[in-house]
2 protein chains.
Amino acid sequence: MASRLGRVAGVTIGDVAAAARVSRSTVSRAFTRPQLLSPATVEHVLTTAARLGYVGNQAARALSTGRFGNIAVVVPDIANPFFPPLVRSLQLAAESADLAVFLGDSDESAEREAKLIARLAPQVEGFVLASPRLSEQLIRELAATRPVVLVNRDLDGIARVLIDSSGGMTEAVLLLKKLGHQRLAYLAGPRDSWSDGQRRTTLARVSEQAGLTVEVIETGRPSYAAGRDSVAAIVRSGATAAIAFDDVVSQGVLAGLEVRGISVPADFSLVGCDDTLAALTSPALTTVSAGAASAGAAAAKLLISLLETPDSGRTAAGGSAGPAPGHGGDVGGAGGACVRIGTHLVVRGTTAVARAGVVT
Amino acid sequence: MASRLGRVAGVTIGDVAAAARVSRSTVSRAFTRPQLLSPATVEHVLTTAARLGYVGNQAARALSTGRFGNIAVVVPDIANPFFPPLVRSLQLAAESADLAVFLGDSDESAEREAKLIARLAPQVEGFVLASPRLSEQLIRELAATRPVVLVNRDLDGIARVLIDSSGGMTEAVLLLKKLGHQRLAYLAGPRDSWSDGQRRTTLARVSEQAGLTVEVIETGRPSYAAGRDSVAAIVRSGATAAIAFDDVVSQGVLAGLEVRGISVPADFSLVGCDDTLAALTSPALTTVSAGAASAGAAAAKLLISLLETPDSGRTAAGGSAGPAPGHGGDVGGAGGACVRIGTHLVVRGTTAVARAGVVT
DNA sequence: ATGAAAGCGCTAACAC
DNA sequence: GTGTTAGCGCTTTCAT
């Protein structure tokens, strides 16, 4: 029994039924399938319910229907400025589909991520996994169970939204070239990050085409300190411009540069990524926009559409039978849809014409 | 019926019971009250359950017990850098009490906040309301229903954690005085914000005692733009130092100052609040630490303790019968506990000795 | 168009 | 120590 008074407020469907002098089914229908009832009845029931302050019990509904009306978004670190806008727009979009959202913070650990997912799974209809650290296998297992949308992780056959930084990256390289820079440094992100992989690749390709050299400087987990501490390596490399994995690293570089009396952009050009902090600082950072907010909205939309098409979301049994891999753009309605968000360069205060020989 | 296959995976307690050749109650007990069973049985049941991949159905459990194992945290804007660390530590703390957390973003609107709460209430055991925009009355109504913990909102009789900026603010004023500043400006926050109120009051009091004048400059909703645009007013005021409502505003001021060729800290001193961005920028901001993370952890702890003491959390019927108001510190276990988080000044790069007459 | 009744998966008296 | 039984509040056939 549930007699203990830890119980939800407590106007039940039965109370409404009694007050409205109809059966419980009628009350239920008034909410879920009003077209089956006479308008008068619906009106009457709804009014009564409102008067009594009736709120359907989600748990009971879920028990009966198997639908919870909840989704979960899990991120590696909500304090990383990339994620809040994403989560925010996701939540706002979910709200308009009347979905409540659980937030899980995995603290950058695959293990915690798995635990969180297991904990949340039984009360959630679908997941948005942003930059998941989880192994591909586990993700596929989960996706076989219920709709999953990935953000910035590219697993064939699973719905995902990818922030494609190649556009912005390319623009950045081209701009730096035009400004006369010849040696670039890339302050890399975590090796297992899809975004970092994509950025490395693009950078290598475009720089080569443009006839520039790019030195990759590893920073491990990206942070202000990591950026600041890699300035020595940057200087050593002889680069006159750097592109950082994200804005936080970029700020660190800025600080490190300043300590050495290298002024930006006079002596050195700097480009960040994600546009998370870039507009908020002084000098404002030149950066590659990332549209985290659009990604959040897109992920929500994708998940919602998966939820609506009855048995989508669960991946097909096999796993290799997809269409031509590496395709871009939307795959209409399919469980393995992939939406790519384009990026561009936002030029602000930290890039300028190269002053040959100033650095080193 | 719930025949539709939108259903959760599907190993039920009955399946486990059958497989283990015991009754359903035994299976249930093996999980919830193992001490009531013989160790052998427990072992046996648990093994069987694991083998079958049994996961308890949260909805059913909730329906039966009235406990959901969920809490909700609602914030006005998760993209405001003050909140992510708070939410993060809250979530981490909740996790260790095996509570899942819903996130609600009210988009700074009292109305949306109310809607969110109503939507979440039926599947949540308690709320953490961070800087709620909701009316006092609505908050009290909610708190009469279930445990509620407020952050940065001071309602007598309701559990709350308050970030007390008076410590840090006082230190800031004293430091500025020592550096020779005599006219201060305060870039104010929203009038209905508890934090802003506290900061204004402290500032007025301490400045007076220290013999300094402080000009309050209203900025409305605090933002980078608001800070930047209020530089004209700052200059007009003749202040040689400013304290901003938060770090974001502070960065705006920094930018605005720079445009006018006023250099910080050489010509002007600047103090931020909350330490959200301050350490990540260049120059690093002198700021009043806010311990948003500690606040999150404290709020979680408070809510958890409320959840554990059977009928706490619901406020007493009346509402005025509390003990002496305005007390500080913990009130052990009571529903109206108030924990205050102290703050201090973190001196970084944006404060220096006043250069009389440089500004204006 | 509406009511009656069964049952979702679980917990908690209450027997034994 | 373990089984039996009665619901938690809701949706949904199936009758009417």
Side-chain angles (χ1 to χ4, degrees), chain A residues 1-46 48-49 52-69 121-123 125, chain B residues 1-46 48-49 52-69 121-123 125:
Chain A
M1 297 255 196
S3 48
R4 196 131 53 91
L5 228 122
R7 186 48 123 327
V8 208
V11 182
T12 79
I13 206 173
D15 301 337
V16 178
R21 318 190 116 267
V22 295
S23 76
R24 295 202 295 250
S25 345
T26 301
V27 177
S28 176
R29 283 192 272 251
F31 284 98
T32 54
R33 283 216 221 355
Q35 64 283 36
L36 294 187
L37 261 38
S38 83
T41 320
V42 174
E43 160 81 9
H44 178 214
V45 170
L46 260 34
T48 320
L52 265 48
Y54 168 74
V55 240
N57 179 321
Q58 196 63 28
R61 198 191 322 277
L63 186 54
S64 185
T65 61
R67 317 198 77 80
F68 297 85
Q123 36 185 342
E125 276 169 70
Chain B
M1 295 255 191
S3 47
R4 198 129 52 90
L5 229 120
R7 186 47 123 328
V8 208
V11 182
T12 80
I13 205 173
D15 302 337
V16 179
R21 319 190 115 267
V22 294
S23 76
R24 296 203 293 249
S25 348
T26 302
V27 177
S28 175
R29 283 192 272 252
F31 285 98
T32 54
R33 286 221 224 354
Q35 63 285 36
L36 294 187
L37 262 38
S38 84
T41 320
V42 174
E43 161 81 9
H44 177 215
V45 170
L46 261 33
T48 320
L52 266 47
Y54 168 74
V55 241
N57 179 320
Q58 195 64 30
R61 198 191 321 277
L63 186 55
S64 184
T65 60
R67 317 199 78 81
F68 297 85
Q123 38 185 342
E125 275 169 72

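The structure presented is a predicted model; accordingly, all values stated were derived computationally and were not measured. A note on names: the letters A, B, ... follow the listed sequences, proteins ahead of strands, and every chain is numbered from 1.
The line from OG1 of A/Thr32 to CZ of A/Arg29 is 8.0 Å long, rounded to the nearest 0.5 Å. Atom OG of B/Ser28 and atom CG of B/Leu36 lie 10.5 Å apart (nearest 0.5 Å).
In this entry the distance linking CG of B/Leu63 with C1' of D/dC8 reads 4 Å, nearest Å. The distance between atom CZ of A/Arg24 and atom P of C/dT2, rounded to the nearest whole Å, is 18 Å. Distance A/Gln58 CD to D/dT11 C1': 13 Å, rounded to the nearest Å. Rounded to whole Å, the distance from CG on B/Asn57 to P on D/dG9 is 16 Å. Look at CZ on A/Arg67: it is 10 Å from P on D/dT12, rounded to the nearest Å. Taking atom CD1 of residue B/Ile13 and atom P of nucleotide C/dC10, one finds them 5 Å apart after rounding to whole Å. Atom P of nucleotide D/dC8 and atom CZ of B/Phe68 are separated by 15 Å, given to the nearest angstrom. If you take NE2 of A/His44 and C1' of C/dA1, they are 15 Å apart, rounded to a whole angstrom.
Remark on DNA chain D: of its neighbouring residues B/Ala60 and B/Thr41, the 5'-side contact belongs to B/Thr41, judged by nearest-heavy-atom nucleotide.
Side-chain atoms of A/Thr26 and A/Ser23 form a donor-acceptor pair, as typed in the model, at a separation below 3.5 Å.
Nearest heavy-atom pair, A/Leu63 versus B/Leu63, reported as atom, atom and distance to 0.1 Å: CD2-CD2, 3.1 Å. A pairwise comparison of heavy atoms in A/Leu37 and A/Ala30 identifies CD2-N, 3.6 Å as the closest pair. Scanning all heavy atoms of the two residues, the minimum distance from B/Gln58 to B/Phe68 falls at NE2-O, 2.7 Å.
Within 4.0 Å (heavy atoms only), A/Thr12 reaches sugar-phosphate atoms of the nucleic acid but no base atom.
No side-chain heavy atom of A/Arg61 sits less than 4.5 Å from a side-chain heavy atom of A/Arg67. Looking at heavy atoms from C-beta onward, B/Asn57 lies out of side-chain contact with B/Thr12 at the 4.5 angstrom threshold.
Contacts with DNA chain D (heavy atom under 4.0 Å) in residues 26-33 of chain B: B/Thr26, B/Arg29, listed by number. Contacts between residues 14-23 of chain A and DNA chain C, counted as heavy-atom distances below 4.0 Å, involve A/Val22, A/Ser23.
In the helix from C/dA1-D/dT16 to C/dC16-D/dG1, the terminal helix axes, each the rotation mapping four pairs' C1' atoms onto the next four within five end pairs, subtend 30°, rounded to 10°.
Taking only side-chain atoms of A/Ser25, from C-beta outward, the nucleotide of D/dC10, C/dT11, D/dT12 with the closest atom is D/dT12.
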Tell me, with the steps shown, if A/Val27 and A/Val22 meet side chain to side chain contact (heavy atoms under 4.5 Å, CB included). CA-CA 7 Å; A/Val27 177; A/Val22 295; 3.8 Å; yes
